[in-house]
Amino acid sequence: MAIPLTWYLILAAALFCIGFYGVLARRNAVPILMGVELMLNAVNINFLAFWRYVRPEEPVGQVFAIFVLAVAAAEAAVGLALIISIYRTRKTINVDRIDLLKG
Amino acid sequence: MDLSSLDLRAIGAWFHNLLMGTGMSAMLVQFIESLVGALLLLIFGLTLVIFLIWLERKLAGRIQDRLGPNRVGPYGLMQTMADALKLLTKEDVTPFDADRVTYNLAPALAVFHVIMALAVIPFADQVIAADINVGVLYLMAVGAIGSMAALMAGWASNNKYALIGGFRVVAQLLSYEIPLVLAMLIPVLVTGTMRMNGLARAQGDYLGLGWFVWTLPLAFIIFFIASLAEVERAPFDLLEAESEIVAGYNIEYSGMKFAWFFLAFFMNSWVLAAIGATIFLGGWQGPFVDQIPALGVIYFFAKSLFLFVVQAWVRTTFPRLRIDQMMSFCWKFLVPMALVLFGFVAIILKLHLPSPWEGIILLLSNVAILLVGLSFLGRSQRKAVYASKRAFTPTIPRM
Amino acid sequence: MLQQYGLIGLLALIAIAFPFVTVGFTWLIRPKRPDPIKNSTYECGLETIGDTWVQFRAQYYLFALIFVVFDIEAMFLFPFAVAFNSVGLFAVIEAILFIVMLAMGLVYAWKKKAMEWQ
Amino acid sequence: MVQQVVFILIAIFTLGMALGTVISRKLFHAALFLVGTFAGVAILYVLLEAEFLAVSQVIVYIGAIATLIVFAIMLSRSMMDKESGAVNKQWWAAAGGSVLLFAALALLLSKVPFATTSAAVPDDTIAKIGSQFVGVYVIPFEVVSVLLLVAMIGAIMLARERHG
């Protein structure tokens, strides 16, 4: 095939690392969630690349990618609802300042 | 003249041979063919829209006892051209606080999503730009880009009304996408393919009685109502209710950028009519289409324009809904009915009945579900009416 | 398969470029006389008061939420519909169970009045 | 050859958009960059001939998740852009860690020889996916419906405006 498998894997690794940086470095909860979505996308690229290049006759990789998609949507829905709820009570979604357990 | 040679596919083959004759590489030929196809689609879409706007204005005029456009050209046919020329020379005002990039990208995306939808519409048997495996879902995907464009326009204009309009339009588009998609899912369940051409081909039996509008009338009704909401037409046009929230998410747009929103609106109406015609009215199917394939184009345009005219008719006849009515109509009526219908159709198909009986049973189950749904709707409406009257009338009459 | 997507890709490039080309073209021939009043936000002639960003109701979020769930449902049901002819009656029951689960969510939202536009 | 050029262009686009997502200060812009990233990934799926996943990516990520994110941004926005600084104090450590992680992964991936096949994708892939949902993977399939139900109920509980 025209494109080597390694290219896809390196691209997915780069996307994962960018998402990783977003999760670690941002203060605001919404971009942190976006970083998580980027990481999940990187995972899906890996699933599909391996499906295409290793076993294209059995769509196992695609099925798993679809499950990841569903879980990502559920995660985003609950995560954002949590953010909205925290915003209502604490008037901030800056994760540095969400320290309920400090008392 | 041999009518059976009248075939659009023959033109494609002729063009292919012409290009191959020049000695170019197969890849380059492929590229040029794709490019020509894409350009043809774009030009077709833009020309069609000019005609559609005239048609709708003329119709609305007649229905509302007016003349409609009648000055420029015969029957006012050139009116849209004149309007387009005027819009080309209009000053383009950008509000000073607008987010420039997003503001300019939004109308382009609005046009983009409609033109992209043209790629999977079969104009005649196999006369389709890209008969992809996931045709129906592809339409859903480009629809998602459309709601993003509305959101971007509303946000970038830096205007309260635009933002409220953008949010409302997205809430409406999202809500009605579900019944639309579920209604399209049911023909896919019957035919077992998501290819648009395959869906049209599957409806060829019994001289038009094989159309899904006869076997699955409820799915068609749900599809049609949801498509009215998807194209923001009355009675679902409360997001651009001129008298209430100025004009919706595109209030700050002027000149050519506004023209693109307007054009996307009309093209989208026709695209949804064409999808409805393909999935439920048999698309290019009709008498003698097997002998003379070119007739398919005529059938297809007749059906899609018929649906477009019905849309315009509904638009000029019905009053506007309130947002709460609109939302509950979608989630409490259309979506449950579509889900129940899906279950019933799946079970009926698995009974493997002989051919005409299957269709009749499907039709009966559709009508039954519709009647039950309507009776529930009527009961809840009566309840709501009595609840609102309770403050004034001391006794409630027994039903 | 990739050839068809090549056409779609070209169409995408043309479709996104074309509006910009026309808007660029009008930039050449249209008048350009901006002034502060013309460029101000259009709010029926009144001065804009306060921030443009009005606080939104959670209602919008709830509708988007229900939409997301049903979107995923449709995404699972389409491959099932394509495979429908090759699966047995038991598979149909499984799919209906899947729908019933999500319909319960709809009923919950209905009962909790999450879908009332107050 | 053509495919490689397309891949490189798409890769640059996707990574640029992803960088924009994590860097941009305005949350709405971050969301738009995120939409761009999702679109780029969808095109990658087309290159991988996973067309069903490509359209699902657009439908679920752009149509649903991105919209949800924008709605959440608008709902909680009055505090958003005024907070000092988009990144926290350890951002440089995070950046260094990410770059190191990427370097390690890239080195590792370029060293490992993967056994690939050049078999074509069968035409009935979507039908296979569908029959696997109700066949081999029926348990995850039903669990996903439960997960979505729970997510929906939980999110409605959390996000609902309480009156009185």
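Convention: sequence-line order gives letters A, B, ...; per-chain numbering from 1. This structure is a prediction, so every number in the text was calculated from the model and none was measured.
In this structure, the side chains of B:Tyr138 and D:Glu51 stay at 4.5 Å or more apart for every pair of heavy atoms.
Residue B:Leu105: no heavy atom, backbone or side chain, is found under 4.5 Å from chain D. If you measure heavy-atom distances from B:Thr193 to chain D, you find no contacts under 4.5 Å at all. Contacts between B:Met148 and chain D at a heavy-atom distance below 4.5 Å involve the side chain alone, from C-beta outward.
Rounded to the nearest 0.5 Å, atoms OG1 (B:Thr102) and CZ (D:Phe28) are 6.5 Å apart. Atoms CG and NZ, from B:Asp99 and D:Lys26 in turn, are 5.5 Å apart once rounded to the nearest 0.5 Å. Between the CG atom of D:Leu32 and the CH2 atom of B:Trp155 there is a distance of 7.0 Å, given to the nearest 0.5 Å. In this structure, B:Asn133 CG and D:Ile126 CD1 are separated by 4.0 Å, a value rounded to the nearest 0.5 Å.
Between D:Phe71 and B:Phe167, the two ring planes are parallel [angle under 30°; tilted spans 30° to 60°].
No more than 12 heavy-atom neighbours from other residues, nucleotides or ligands sit within 6.0 angstrom of CD1 on D:Ile139. The number of heavy atoms from other shown groups lying within 6.0 Å of CZ (B:Phe31) does not exceed 12.
Ranked by heavy-atom pairs shorter than 4.5 Å toward chain B, the options D:Val70, D:Val35, D:Asp123, D:Val55 are led by D:Val55.
Residue D:Ile59 forms a side-chain contact (heavy atoms from CB on, under 4.5 Å) with just one option from B:Val142, B:Leu137, B:Val181, and that option is B:Leu137.
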